[in-house]
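Reviewing the structure listed below.
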Amino acid sequence: MPDTTIQYVAKNMRVDLRLIAEMITPGARVLDIGCGDGALLEYLALAKGADARGIEIDMAEATRAVAAGLAVIHGDADNDLAFYPDAAFDFVILSRTLQAVEKPREVLRQMLRIGQHAIVSFPNFGHWAVRWQLAWTGRMPMTNTWNRGWYETPNIHPCTIRDFFELCERDGFVVEEWLAADDDGLKSPWRRSAWLANLFGEQALFKLRRK
Amino acid sequence: MSLIQPFPEVDHQHAVFADGLMLDCGVQLAPLTVAYRTYGRLNAARSNAVLICHALTGDQYVAETQPLTGKGGWWANLVGPGLAVDTDRFFVICANVLGGCMGSTGPAEKRADGTPWGTDFPTITIRDMVRAQKLLVDSFGIGRLLAVIGGSMGGMQVLEWAATFPQSVFAAAPIACASHHSAQNIAFHEVGRAAIHSDPDYYAGRYWEQGRIPAQGLGVARMVAHITYLSEEALTRKFGRKLRGANAVTFLEDVFEVQSYLRYQGSSFVRRFDANSYLTITRAMDYFDLSAEHGSLAQAFAKTPTRFFVASFSSDWLFPTSESRALVRAMNAAAARVSFVEIKSDKGHDAFLLDEPEFHAALGGFVAGAAKALGV
C-alpha cells in the first residue's frame with residue numbers, strides 16, 4: 001500500500017521539508033545534507049521516484065536511516081562534499097544546517113558544483129524579535145528559533161535573509177525561488193519584499209543555481 | 001610428549017570444475033574444487049542469492065555447526081531464519097576460499113599424484129578467490145547475486161566482486177575492511193609467517209612427510225593475529241591483569257589470564273588450520289590493492305551499477321574507520337549509491353562477528369532494501 005506509506009511519512013515530516021519536497025522534480029537525483037533519519041529521502045523516493053541519497057552527521061540517525069534501507073552515509077557538509085563529482089545531482093538540499101557549518105560559503109560552492117540546483121533553508125537572524133531583543137536588552141537573543149545560549153549553540157554562522165541575498169550576488173548564484181516562512185513552515189505573505197521578509201520571516205528557503 | 005594432532009578429515013560438500021582457473025600469477029589451476037554450503041532455497045527467477053565471503057581463518061560453515069570443531073556457525077547471529085540475512089527469504093551461499101583448507105583446492109589438498117600441494121601451491125590473489133566463487137555461482141545458473149557480504153578478508157572479496165563482476169552484484173556489503181592491506185597489516189602477517197617458518201616442525205613446508213604439524217609456529221601466528229582482532233578495551237575488560245590460579249604474581253610462572261587465553265586460541269587453531277594454507281592466504285591479503293589494480297580507487301567503481309553498504313567499528317585498529325571512509329569517498333566519486341555507518345563498539349576488529357544489534361539492523365535494512373528494489 002504505497003499510498004498509506006506516503007501519507008504516513010508526509011504527516012510526520014517537518015513542514016519545512018514539505019516545502020522543500022515541493023521544489024523537487026520527479027525522478028530527480030537528490031542529495032540531502034543533514035538528512036536526519038531520512039524522512040525526506042524516503043518521501044522523495046516513494047512520492048517522486050527520486051534517486052535520493054543522504055549525509056548525516058549524527059551516527060544514531062544515520063544508522064536508523066541505513067536500517068530503513070536508505071542510501072545514507074555518516075559524514076558532514078564541511079568534509080564530504082568535495083569527494084562527489086561535478087553535477088552528480090539535480091538537487092542538493094541543506095535544511096536548517098547552513099548556520100551550523102564551519103565554512104558556509106565553501107559548502108554553498110560545493111553544493112552548486114555537485115548539484116544543478118541547491119535548496120537551502122536557514123533560520124533568519126534578521127527577524128524582528130531577534131533585532132528587538134538585541135537592541136532592547138543588549139543581550140544575545142533567545143527565541144523559539146534561536147534557543148541555545150551563545151556559549152553552547154551549534155549555530156556559529158547566523159545570517160539574515162538580506163545577508164544571504166548579498167552572498168548569492170557576490171558568489172554568482174542565481175536565486176530561482178525564495179520564500180520566508182514562520183516556525184511552523186507556513187508560507188508568509190512577504191513574497192515580494194525581501195526587506196519585509198527579513199523582518200517578519202522566521203525561516204528562509206532558497207532555491208539556487210549557478211549563473 | 002603429546003603431539004597436537006589435526007582434526008580427522010571430513011568430506012566437505014563441494015563442486016569440481018575440470019577446466020579450472022587461470023590464476024593472476026599465470027598458472028592454470030585445474031581441476032579446481034570449491035567446497036561450499038548453502039542455506040535456504042533458490043527462487044524460480046534465481047534472483048534471491050546472497051553470497052557470504054569468509055575471513056582469513058573462516059570457512060563455509062557460516063550458519064551451522066562446524067563439523068571439525070563442533071562450534072556454531074561463525075556468522076550464525078547474522079545468517080539464519082528471520083535474521084538480518086534471512087535464510088527463509090534468501091538463498092545463501094558460502095564457499096571455502098581458494099587456498100583454504102576446508103575442502104577447496106589449496107596447499108593441504110592432494111594433487112593427482114597423491115601428494116599434497118604444500119609449498120608448490122601457486123601464489124593466489126583475492127581476485128583469484130573471487131573468480132573461483134564466480135565459477136560456483138555460475139554453476140547454480142545465477143546471473144546476478146542479490147548481495148555479496150563479507151567482513152575483513154571477506155570484505156576484500158566483496159570489493160573485488162564489485163570491481164571485477166559489477167553486473168553480477170546488485171548489492172555489496174564490505175564490512176570492517178579496506179581497499180588495500182596497509183604496511184602495518186603486512187607487518188603483523190609477516191610476524192606470523194616468520195613464526196611458522198622458524199618452527200623446526202615446519203620442515204621447509206613438507207611437514208606432512210614427517211607426520212608433524214608446525215603447531216608452535218602456527219599457534220604463535222594465531223596468537224599475534226588474535227591480538228590485532230581485539231581492542232585494548234576488550235582485552236582489559238575481559239582479562240585486565242587477572243591471575244589464573246594464583247593470588248599474586250610470583251615471578252616463577254606465567255599466571256595472567258590473558259596468557260592462557262592466547263595459548264588456548266593458538267592451540268585450538270592449529271588442529272583445524274593448515275600452516276601452508278595460512279601462509280598462502282595471508283600473502284593473498286598482503287597483495288590486495290584495489291586502486292593499484294584499477295589505476296585509482298574511484299576507477300575501480302567507475303559507472304558501477306552496484307549499491308554498497310560500508311560499515312566499520314569504532315575500536316577496530318586493524319581496519320580503522322578511516323579506511324572505510326576512504327572507500328566511501330571513492331564510491332561517492334564514482335557516483336555509486338552507498339550507505340556508510342561506523343558502529344560504536346569497544347570490541348575491536350572482532351566486533352563484526354559479534355552480537356552488535358545496530359550493525360545487524362543496518363545490514364539487515366540494507367539487504368531488505370536491495371531485495372525490495374529487485375522485487376524479491
Side-chain angles (χ1 to χ4, degrees), chain A residues 1-2 5 27-33 35-39 41-42 44-46 49-92 110-111 113-116, chain B residues 84 146-147 170-173 175 296-299 301-314 321-322 324-345 356-374 376:
Chain A
M1 303 296 130
T5 314
R29 298 166 300 163
V30 180
L31 177 67
D32 183 5
I33 307 162
C35 63
D37 66 2
L41 293 178
E42 195 164 17
L44 291 176
L46 283 168
D51 175 355
R53 305 177 187 183
I55 300 179
E56 173 54 43
I57 196 168
D58 182 277
M59 189 58 75
E61 297 250 57
T63 306
R64 265 199 294 283
V66 172
L70 300 168
V72 170
I73 67 165
H74 176 250
D76 66 78
D78 283 307
N79 295 305
D80 287 288
L81 301 186
F83 297 93
Y84 291 88
D86 293 356
F89 300 97
D90 299 309
F91 296 93
V92 179
Q110 288 287 358
M111 287 174 73
R113 179 186 67 79
I114 66 179
Q116 304 287 349
Chain B
L146 170 62
F170 183 72
I175 312 298
S296 78
L297 204 47
Q299 199 58 40
F301 304 113
K303 296 197 171 70
T304 183
T306 303
R307 53 172 69 191
F308 292 90
F309 167 79
V310 179
S312 66
F313 296 88
S314 55
T321 292
S322 56
S324 285
R325 207 176 280 282
L327 274 173
V328 170
R329 285 171 172 170
M331 289 163 184
N332 279 335
R337 184 189 154 99
V338 48
S339 306
F340 165 60
V341 289
E342 182 200 47
I343 303 296
K344 237 185 157 57
S345 164
E356 293 282 352
E358 276 196 319
F359 166 54
H360 291 179
L363 179 58
F366 172 71
V367 175
K372 197 171 157 198
L374 275 191
V376 171

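FYI, side chains are in, hydrogens and waters are out, and symmetry mates aren't considered; it's all heavy atoms of this structure. Numbered from 1 within each chain, the chains take letters A, B, ... in sequence-line order.
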Using non-hydrogen atoms and a 4.5 Å limit, figure out which bit of A:Asp86 sits close to chain B: side chain, backbone, both or neither. neither

Side chain, backbone, both or neither: which part of B:Ala336 has an atom under 4.5 Å from a heavy atom of chain A? backbone

Hey, which of B:Ala362, B:Gly364, B:Gly369 has the most heavy atom pairs under 4.5 Å with chain A? B:Ala362

What part of B:Val338 gets closer than 4.5 Å to chain A, counting heavy atoms only: side chain, backbone, both or neither? both

Taking side chain as C-beta onward, heavy atoms only, is B:Lys344 less than 4.5 Å from A:Thr63? no

Would you find a donor on one side and an acceptor on the other, under 3.5 Å apart, between the side chain of B:Arg325 and the backbone of A:His74? yes

Atom group of A:Leu70 that falls short of 4.5 Å from chain B, counting heavy atoms: backbone

On a heavy-atom basis, which atom in B:Arg337 and which in A:Ala52 lie closest, and how many Å separate them? NH1-O, 4.4 Å

For the interface with chain B, which of A:Asp80, A:Ile114, A:Val72 has the highest count of heavy-atom pairs at distances below 4.5 Å? A:Val72

Which bit of B:Ala333 comes within less than 4.5 Å of chain A, counting heavy atoms only: side chain, backbone, both or neither? both

Show the nearest heavy-atom pair for residues B:Arg329 and A:Asn79, with the distance to one decimal. NH2-O, 3.5 Å

Could you look at B:Phe308 and say if it's the side chain, the backbone, both or neither that has a heavy atom under 4.5 Å from chain A? neither

Work out which heavy atom in B:Phe340 is nearest to a heavy atom in A:Val66; give both atom names and the distance. N-CG2, 4.5 Å

Against chain A, work out which of B:Asn332, B:Ile343, B:Val310 has the most heavy-atom pairs shorter than 4.5 Å and name it. B:Asn332

Nearest atoms (heavy-atom pairs only) where B:Ala361 meets A:Ala67: O-CB, 3.5 Å

